[in-house]
Every structure is written in C-alpha cells, then in structure tokens.
**Q** 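My questions all concern the structure below.
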Amino acid sequence: MAIEKNISLRPYNTFGIDAKAKSFCDITTIENLKHNLAEYANQPFFVLGGGSNMLLTKDIEALVLHINLKGIEVLEETGDKVIVKAMAGENWHEFVLWCLKHNYGGVENLSLIPGNVGTAPIQNIGAYGVELKDIFVSCEAVHIQSQNVRTFTEEDCKFEYRESVFKQELKGQYIITSVNFELTKTNHKLSTDYGAIKQQLENLDIKAPTIQDISDAVIAIRQSKLPDPKEIGNSGSFFKNPVISIDQFKQLQENFPEVPSYKVSDKMIKVPAGWLIEKAGFKGKRFNNYGVHNKQALVLVNYGNAKGSDIYELALLIQKTIKRIFNISIETEVNII
Ligand code: EPU
C-alpha cells in the first residue's frame, strides 16, 4: 500500500481534531503490515485504529499505520456457543450489529461504543455492566520489532478496569490484528442489572428482553447522554473513574454525603468522575469551540475546529480543580498524543 504524505487526520479521530500526519499508510492485509514494519523498522511508528480514544495535541511526525484489516467469520460452533473472529479494523458497533443479526449474544451491552475491534482489548472497553473481557477468548497481534505473530489468551492480556497488558508492560510493542470472541447462540446470559437498563426496559414494559431489546435500550441510554462523534467531536469518557481507599471515601462523604460510589473490594471504592466534575462546576461549560458535555460531565467535546492542545489544557484544569476540591487525582482514559 502506498505511503501518502501530509494528510489530515481529522477523518480518523472521533474528536475531529485537524492534526496532520507527515506520512500515512492504510494497512489492509497482515502481509502488508509485516512488510511495512520490516521495511521501516528503524523509524518511529504511530498505530492508528478507530481513533476513538485519543486526543491529538500536535501533528504526527512518525509514520502512521492505519489498521484497516476487515472481515468477520465463525471459527467454531457448538450447540449453544460460537467462536467468532473479527479483524482489527472492523468498526466495533458494526460488529455488534453483525452479532445481533445472527442472534449471537454477549456484546449487546457494548452497543454503540465508538472505535474498532482491534483497539477494544487495549483498554478492555466496558459499559452497562459488561466488559470486553467477559466475551474475549484470544487475540492475535504482530510484534513490531520481529514481525512475529503471537496469540494472547485472556490471562496474557491481564485485563482490569480500562486496562490491559497492551497499556502497560507491552505498550507500543504489538499491533492487534484480530480478536476471537465466545458468544452464545441460545440461552443468552443477559446483563440487565445496570440501573439505567432496568429503567429503560421497565419504561417500555419489556418483561422478557431479547438481546436486541438490550441493545436498543443501551443505544437509547447512550444517545440520551453521550454526544454522537459524527455531530460533536468527542472520545467518550475522557477520564477514568477514580478508585480510592475506604478511609479517603469516608472523608469525602463527610463533606459530600450525596456522593455516589461503587464498591470495588473491601478496601477500595470507585467514585464517578462525572459526578466530581459536575460538582466542581464544569458540566456544560463551553470555552469558545470546546468544552464539557452538558449531559455527561465525563465527556469533553469539540464543537468544531478546536485545537487538541486547548482541550488538553481544559483537561489539566479539571484535574487540578478536582484535586483541590476533593483531594482526588483523576487520570485520563483517553491517550494524549
Ligand atoms: N454523574 C453525575 N454527573 C455527570 C455524570 C455522571 O453526577 O455528569 C453520576 C451519575 O448520576 C451516576 C454516576 O455518576 O450516579 C455514574 O454515571 P454513569 O452511569 O453515566 O456512568 P459513568 O461512571 O459516568 C461509566 C463509563 C462509561 C459507560 C458508563 C455506563 C468510565 C470512565 N465510563 O461512566 O464509558 O458508558 O459507565 O456503563 O468508566 C467510555 O468509556 O467512553 C464510556 C462512555
């Protein structure tokens, strides 16, 4: 595949930031990926997937490899289970729709998450009570230096809340090319405990939901709270929900008795960053052409032509303010480039 020069990355990132790539290569086969890695092994790379979890604060000097590998196939089938392989460049939601069309269950709670299949394991995407790791079997990845292909099992991936080995010790070393999922054909295991889903199903008077009903409910909830990147640039949750000690939580509760929380373990509690940001007065704040979404304070938005560096400055201001008011550090979920 030819290398293009000086191209705008605006169509390739959901924040809609107009940063440039000095050189850019669209990768549509694994052979081509290996070839490029071997040929340009001694220069820096930037691996671009769905562009849904990054904020570009500058132009990219490194060679951008756009992972555009396509294809979905059934690898194995038993009476009630199926193993499906999806290539890294498949759009995540298109993949969810494909599963629903075939009545394969397990991904319905993850409807409408922006991004691609290949980047989903990196941060163990999750929503409404389900995480990618719940349906993950393995993924294949190419080692950037050696171009060897390696299969990673669930254990190898070391999944945690919005975390995996690909964000930690193996960061920047592998390119995921495909992911295998185990899905149900019958006896679907539905996750309807998440408050908003329960409420949505009740509102529609659905007593025995199908996987399609759950997907529809999730889509309705997401559309009511989260901006559509096609209309307003964004990367979903900009920050991770902080996990703090019980002692720190008790202190917080003394000053803010209404603070929502989720127990993580006997010692740790997760606090919604969206609540902290709203409480700090940032929800719906607009600074010229960027700001904080008015329906979900965890989401920073580009109203058009904003610079990534401006949005990053806003993120730093939010982090500093949260630290000052609540003595809590919040980390970005989005990769700052
Ligand atoms: N909240 C506020 N104000 C806000 C936003 C939230 O007070 O502006 C409060 C809500 O009232 C609720 C709590 O915070 O009590 C949790 O809110 P919500 O259910 O919207 O979930 P979240 O913790 O803010 C997480 C994920 C989302 C995911 C939802 C649903 C993270 C960082 N974010 O958000 O993921 O869709 O749960 O499962 O864990 C994403 O990663 O891009 C993403 C959107």
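Counting starts at 1 for both ligands and their atoms, following the listed order. Fair warning: this is a prediction, and the values are worked out from it, not measured in the lab.
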**Q** Below 4.0 Å, non-hydrogen atoms only: which portion of Pro260 touches ligand 1? Side chain, backbone, both or neither.
**A**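 Side chain only.
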
**Q** Linking I/L/V/M/F/W/Y whenever their side-chain heavy atoms sit closer than 4.5 Å, directly or via other members, would Leu48 and Leu56 fall into one cluster?
**A**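 Yes, because Leu48 and Leu56 connect within a single hydrophobic cluster, where side-chain heavy atoms sit under 4.5 Å apart.
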
**Q** List the closest protein heavy-atom neighbour of atom 1 (N) of ligand 1: residue, atom name, distance to the nearest 0.1 Å.
**A**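 Answer, as residue, atom name and distance: Trp275 N, 3.8 Å.
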
**Q** Quick check: does any side chain N or O of Ser178 sit under 3.5 Å from a backbone N or O of Met87, one acting as donor and the other as acceptor?
**A**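 No, the answer is negative, given that no donor and acceptor are paired below the 3.5 Å cut-off.
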
**Q** Any non-hydrogen atom of Lys279 lying under 4.0 Å from ligand 1?
**A**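 Contact check Lys279 vs ligand 1: negative.
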
**Q** Hey, does Gln123 sit under 4.0 Å from ligand 1 if you only count heavy atoms?
**A**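 No, Gln123 has no heavy atoms under 4.0 Å from ligand 1.
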
**Q** Below 4.0 Å, non-hydrogen atoms only: which portion of Gln296 touches ligand 1? Side chain, backbone, both or neither.
**A**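 Under 4.0 Å from ligand 1, Gln296 contributes backbone and side-chain atoms.
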
**Q** Tell me which protein heavy atom sits closest to atom 37 (O) of ligand 1, plus the residue, atom name and distance to 0.1 Å.
**A**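 Checking every protein heavy atom, the shortest distance to atom 37 (O) of ligand 1 gives Tyr194 OH, 3.9 Å.
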
**Q** What atoms in ligand 1 come closer than 4.0 Å to a heavy atom of Gly274?
**A**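 Here the atoms of ligand 1 in question are 2 (C), 3 (N), 4 (C), 5 (C), 8 (O).
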
**Q** Tell me which protein heavy atom sits closest to atom 38 (O) of ligand 1, plus the residue, atom name and distance to 0.1 Å.
**A**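 The protein heavy atom lying closest is Tyr128 N, 2.6 Å.
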
**Q** Output yes when a protein non-hydrogen atom is found under 4.0 Å of atom 16 (C) of ligand 1, and no otherwise.
**A**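 Yes, because at least one protein heavy atom sits under 4.0 Å from atom 16 (C) of ligand 1.
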
**Q** Which ligand 1 atoms does Glu278 reach within 4.0 Å, using its non-hydrogen atoms?
**A**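 Per the distance check, 2 (C), 3 (N), 4 (C), 7 (O), 8 (O).
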
**Q** Answer with yes or no whether the side chains of Gln145 and Gln173 bring together a donor and an acceptor at under 3.5 Å.
**A**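 The criterion, which ignores hydrogens and geometry beyond distance, is not satisfied for Gln145 and Gln173.
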
**Q** Applying a heavy-atom cut-off of 4.0 Å, say which part of Phe239 lies close to ligand 1: side chain, backbone, both or neither.
**A**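 The backbone, only.
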
**Q** Quick one about Asp26 and Asn68 (side-chain donor to acceptor, distance below 3.5 Å, no hydrogens or angles considered), yes or no?
**A**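 Yes, because at least one side-chain N or O of Asn68 sits under 3.5 Å from a partner of the opposite role on Asp26.
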
**Q** Is there a polar contact, in the sense of an N or O pair closer than 3.5 Å, between Ala297 and ligand 1?
**A**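 Between Ala297 and ligand 1 (N or O atoms, distance only) the closest approach is under 3.5 Å.
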
**Q** So, applying salt bridge (Lys or Arg N to Asp or Glu O under 4.0 Å) with Glu331, which one of Arg162, Lys240, Lys323, Lys167 is it?
**A**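 Answer to the salt bridge (Lys or Arg N to Asp or Glu O under 4.0 Å) test with Glu331 among Arg162, Lys240, Lys323, Lys167: Lys240.
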
**Q** Whether the side chain of Glu73 engages the backbone of Val84 through a donor-acceptor N/O pair (distance < 3.5 Å, no angle test) should be reported.
**A**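 No; judged by distance alone, with no hydrogens or angles, the pair does not exist.
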
**Q** Residue-level breakdown please: for Pro272 versus ligand 1, do any non-hydrogen atoms fall below 4.0 Å on the side chain, on the backbone, on both, or on neither?
**A**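 Contact part for Pro272 vs ligand 1: side chain (C-beta onward).
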
**Q** What are the atoms of ligand 1, with element, lying closer than 4.0 Å to any heavy atom of Arg222?
**A**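 Listed by number with element: 36 (O), 44 (C).
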
**Q** What is the nearest protein non-hydrogen atom to atom 34 (O) of ligand 1, stated with its residue, atom name and distance?
**A**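 Result for atom 34 (O) of ligand 1: Leu298 CD2, 3.9 Å.
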
**Q** Should you measure from each heavy atom of Gly236, which atoms of ligand 1 turn up under 4.0 Å away?
**A**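 Contacts of ligand 1 toward Gly236, numbered from 1: 42 (O).
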
**Q** Just checking, Lys171 and Phe166: is the charged tip under 6.0 Å from the six-membered ring centre and within 45° of the axis?
**A**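 Not flagged: Lys171 not positioned over aromatic ring of Phe166.
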
**Q** Donor-acceptor pair, distance only, cut-off 3.5 Å: does the side chain of Asn109 make one with the backbone of Ser191?
**A**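 Yes, Asn109 side chain to Ser191 backbone: donor-acceptor pair under 3.5 Å.
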
**Q** Looking at Lys283, which atoms of ligand 1 are within less than 4.0 Å of one of its heavy atoms?
**A**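 Reading through ligand 1 atom by atom, the close ones are 3 (N), 4 (C), 8 (O).
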
**Q** Do the non-hydrogen side-chain atoms of Leu204 and Asp216 ever get within less than 4.5 Å of each other?
**A**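 A side-chain contact under 4.5 Å is absent here.
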
**Q** Establish, from distance only, whether the side-chain atoms of Glu39 and His35 form a donor-acceptor pair under 3.5 Å.
**A**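 Result is yes, a qualifying pair exists.
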
**Q** Quick check: does Lys240 get an N/O under 3.5 Å from an N/O on ligand 1?
**A**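 Among all N and O atoms of Lys240, none is under 3.5 Å from an N or O of ligand 1.
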
**Q** Backbone or side chain, does any N or O of Glu333 fall under 3.5 Å from an N or O of ligand 1?
**A**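 By distance alone, the answer is yes.
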
**Q** Verify the distance criterion only: is there a donor paired with an acceptor across the side chains of Asn116 and Thr119 at less than 3.5 Å?
**A**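 There is no such pair between these side chains.
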
**Q** Got the closest protein heavy atom to atom 23 (O) of ligand 1, with its distance?
**A**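 Checked against all protein heavy atoms, atom 23 (O) of ligand 1 sits closest to Asn241 ND2, 2.8 Å.
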
**Q** What's the shortest distance from atom 42 (O) of ligand 1 to any protein heavy atom, and which residue and atom give it?
**A**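 Atom 42 (O) of ligand 1 sits closest to the protein heavy atom Ser237 N, 2.8 Å.
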
**Q** Assess Arg162 for proximity to ligand 1: is some non-hydrogen atom of it under 4.0 Å away?
**A**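 Yes, Arg162 has a heavy atom closer than 4.0 Å to ligand 1.
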
**Q** May I ask you to say whether Glu160 pairs ionically with Lys133, meaning some side-chain N is under 4.0 Å from a carboxylate O?
**A**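 Looking at Lys133 together with Glu160, the answer is no, because their closest N to O distance does not fall below 4.0 Å.
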
**Q** Identify whether NZ of Lys or CZ of Arg in Arg150 sits under 6.0 Å from the centre of the six-membered ring of Phe152 and within 45° of that ring's axis.
**A**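 Checked: cation-pi criterion met.
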
**Q** Can a salt bridge be assigned to the pair Lys207 and Asp205 using a cut-off of 4.0 Å between side-chain N and carboxylate O?
**A**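 Salt bridge: yes.
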
**Q** Could you identify the single nearest non-hydrogen protein atom to atom 39 (O) of ligand 1 and state the distance to 0.1 Å?
**A**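 Heavy-atom neighbour on the protein nearest atom 39 (O) of ligand 1: Tyr161 OH, 2.7 Å.
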
**Q** Under 4.0 Å from ligand 1, counting heavy atoms only, is it the side chain of Tyr262, its backbone, both or neither?
**A**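 Side chain only.
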
**Q** Does some non-hydrogen atom of the protein lie less than 4.0 angstrom from atom 20 (O) of ligand 1?
**A**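 At least one protein heavy atom is under 4.0 Å away.
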
**Q** Are the side chain of Trp92 and the backbone N or O of Leu110 linked by a donor-acceptor pair below 3.5 Å?
**A**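 Flag set: sc Trp92 to bb Leu110 pair under 3.5 Å.
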
